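Please read all numbers here as calculations on a predicted model, not as lab measurements. Worth knowing before you read on, the calculation uses all heavy atoms, side chains too, and leaves out hydrogens, waters and symmetry mates.
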Amino acid sequence: MEGLLDQWLWKEEYWLPPGVTWKDIEIEGDRYPLPRDLFYTLPLALGFIVLRYVFERVIAMPLSRQLGVRDRVRVRAQPVPKLETFYKQNKQQPSQSEVLGLGKHCGLSQRQIQTWFRQRRNQDRPSNTKKFCEASWRFVFYLIAFVAALASLIDTPWFWDHRECWQGYPKQPVAEAHYWYYITELGFYWSLLLCVTVDVKRKDFKEQIIHHIATILLIGFSYCANYVRVGTLVILVHDSSDFLLESAKMFNYAGWRKTCDTLFVIFALVFLLTRLVVFPGRIVHSTLVVSLDFFQPFFGYYFFNALLLVLQALHIFWAWLILRMVYKFVFMGKVSRLKSCLVMNHLRKAHNEINGQCTRNILQ
């Protein structure tokens, strides 16, 4: 099996610059990348899934109750087999003609059928507790990963000077901490991809799938090609804002509006700075331009940069969503508050007029 992989998948011309072999990057006494190390991430992903299951029930659920997370009480739709079959097959609101056809078969009015589908969709919507548990699990992982990675990278020369990412490439030893950072991150993203069908489905579901796949390919390839130095910076940039987003979600589900708004503003600033300035201006520039001062382009060079550009496109998409939310929060929020103030003033004036009229009646 390993011989077949060496022949077809681990071919040196795919992963390494021209004229470099796997033996050339072996450094005696130091750890160096081995493609077979990636197989360890699959059982690690299963371990993450088990750990997540325990964490959500032992820690996250009690914490959600302590923070005041409340689930909406939803009316369950009455069992109607024909409507249930249609719902499972289509997962959407039936058209007018379909409603009429279902009404004839079920003996229900158009209004009753529309009400049934609304209740059935609400019944499938995830509870706040479920969403809180998911967000808290990701928050804990991203926070621990970010702090640990920052502690292991802040003293490295390539953290401050990105040209150091390529000095001596590809004959660069891999520190033990960076090896485990890679393997752990890859195992975690495998677990996210494996659980995507049971997790809360959001509006950017397709973009999340693309992101997970691109991240897995990016981490896996960069490890095999010994792009570990620049790869650790890529992962660190992503983790720096992810834990802020998950913490904002947690407090949103708990109803802590001011805390949620504050964390979201901080997240938005960090995201826009790291994903739209640091990532393209420093990291992508380093891999796309600076690296050519140290080696000739090869297949891995084009593949790695293509994946980075896919991530950058997703960053721009999410930045647009974030800016739209910030706009609504800053400007639309002010309009809502202004409307509330006008309504309160109107009620206060009406109250005063009523009280004044009552006083005049009493005096008369």
Less than 4.5 Å apart, any side-chain heavy atom of Thr232 and any of Tyr182? yes
Closest non-hydrogen atom pair, Gln167 against Arg229: O-NH1, 3.9 Å
Determine, stepwise, if the pair Val290 / His285 fulfils side chain to side chain contact (heavy atoms under 4.5 Å, CB included). CA-CA 7 Å; Val290 177; His285 178 265; 3.8 Å; yes
Could you check whether any side-chain heavy atom of Ser152 comes within less than 4.5 Å of a side-chain heavy atom of Tyr181, counting everything from C-beta outward? no
Linking I/L/V/M/F/W/Y whenever their side-chain heavy atoms sit closer than 4.5 Å, directly or via other members, would Met61 and Val140 fall into one cluster? no
Atom SG in Cys133, atom CZ in Arg138: separation rounded to 0.5 Å? 11.0 Å
Within this structure, what is the OH-CG distance for the pair Tyr302 and Leu309, rounded to the nearest 0.5 Å? 13.0 Å
Side-chain donor/acceptor of Gln296 to backbone N/O of Pro17, under 3.5 Å: no
Think Arg324 forms a cation-pi with Trp320, using NZ or CZ under 6.0 Å from the six-ring centre and within 45 degrees of its axis? yes
Heavy-atom closest contact (Phe298 atom, Leu16 atom, distance): CD1-O, 3.3 Å
So Arg257 and Asn252, do their side chains get closer than 4.5 Å, heavy atoms only? yes
When rounded to the nearest 0.5 Å, the distance separating CD1 of Ile235 from OG of Ser240 is 12.5 Å
Within this structure, what is the CG-CG distance for the pair Leu150 and Leu236, rounded to the nearest 0.5 Å? 6.0 Å
So Val228 and Ser222, do their side chains get closer than 4.5 Å, heavy atoms only? no
Between Phe141 and Phe48, ring centroids under 6.0 Å: yes
Centroid separation under 6.0 Å, is that true for the rings of Trp158 and His178? yes
Value rounded to 0.5 Å, distance of CZ in Phe267 from CG in Leu245: 4.0 Å
What is the minimum heavy-atom distance between Leu186 and Leu38, and which atoms define it? CD2-CD2, 3.7 Å
Between Phe146 and Tyr142, does the ring centre distance come in under 6.0 Å? no
Can you get from Ile210 to Trp318 by hopping between Ile, Leu, Val, Met, Phe, Trp and Tyr side chains that sit under 4.5 Å apart? yes
Looking only at side chains, do Tyr223 and Asp37 share a donor and an acceptor under 3.5 Å apart? yes
Heavy-atom neighbours of Tyr53 OH exceed 12 at 6.0 Å: no
Does the side chain of Val69 reach to within under 4.5 Å of the side chain of Lys131, using non-hydrogen atoms? no
We want to know whether Thr287 and Tyr301 form a side-chain donor-acceptor pair, criterion being a heavy-atom distance below 3.5 angstrom. no
Is the shortest side-chain heavy-atom distance between Phe271 and Leu244 below 4.5 Å? no
Under 3.5 Å, side chain of Gln312 to main-chain N/O of Leu276, donor-acceptor pair present? no
For the student: nearest non-hydrogen atoms of Met250 and Ser136, plus distance: SD-CA, 3.6 Å
Drop me the distance from Leu217's CG to Tyr189's OH, to the nearest 0.5 angstrom. 13.5 Å
Going through the distances and angles, do Glu56 and Lys130 end up as a salt bridge (charged side-chain N to carboxylate O under 4.0 Å, His left out)? CA-CA 9 Å; Glu56 289 185 355; Lys130 177 178 174 58; over 6 Å; no
Count I, L, V, M, F, W, Y as connected when their side-chain heavy atoms are under 4.5 Å apart, and connections chain through other members. Are Leu194 and Tyr40 then in the same cluster? no
Following the transitive rule for hydrophobic clusters with a side-chain heavy-atom cut-off under 4.5 Å over Ile, Leu, Val, Met, Phe, Trp and Tyr, establish whether Val196 and Ile49 coincide in one cluster. no
Under 3.5 Å: donor-acceptor pair, side chain of Arg52, backbone of Trp137: no
Between Val50 and Leu46, does a side chain to side chain contact (heavy atoms under 4.5 Å, CB included) hold up when you go through it step by step? CA-CA 6 Å; Val50 173; Leu46 298 178; 5.7 Å; no
Is the Tyr169 ring parallel, tilted or perpendicular to the Trp166 ring (thresholds 30°, 60°)? perpendicular
Mark yes or no: Arg57 above the aromatic ring of Phe55, with NZ or CZ under 6.0 Å from the six-membered ring centre and no more than 45 degrees from the axis. no
Would you say Tyr32 and Tyr179 make side-chain contact, with heavy atoms under 4.5 Å? no
Shortest non-hydrogen contact from Ala145 toward Glu185: CB-OE2, 3.5 Å
Does Arg65 form a side chain to side chain contact (heavy atoms under 4.5 Å, CB included) with Thr129? I'd like the steps, not just the answer. CA-CA 9 Å; Arg65 291 192 289 269; Thr129 299; over 6 Å; no
Does this structure show an ion pair linking Lys249 with Glu246, if we count only N-O contacts that are shorter than 4.0 Å? yes
Stepwise side chain to side chain contact (heavy atoms under 4.5 Å, CB included) test for Arg70 and Asn128: CA-CA 7 Å; Arg70 296 290 182 268; Asn128 285 337; 5.8 Å; no
Can you find a heavy atom in the side chain of Leu67 that is under 4.5 Å from one in the side chain of Tyr253? no
Looking only at heavy atoms, what is the nearest atom pair of Asn226 and Pro170, with distance? ND2-O, 2.7 Å
Carboxylate-amine/guanidinium contact Arg275 Asp242, below 4.0 Å: yes
Using 30° and 60° as the class limits, which term best fits the ring planes of His315 and Phe279: parallel, tilted or perpendicular? perpendicular
Test Tyr227 against Ser291 for side-chain hydrogen bond (donor to acceptor under 3.5 Å, both in side chains), laying out the working first. CA-CA 11 Å; Tyr227 274 30; Ser291 62; 5.6 Å; no
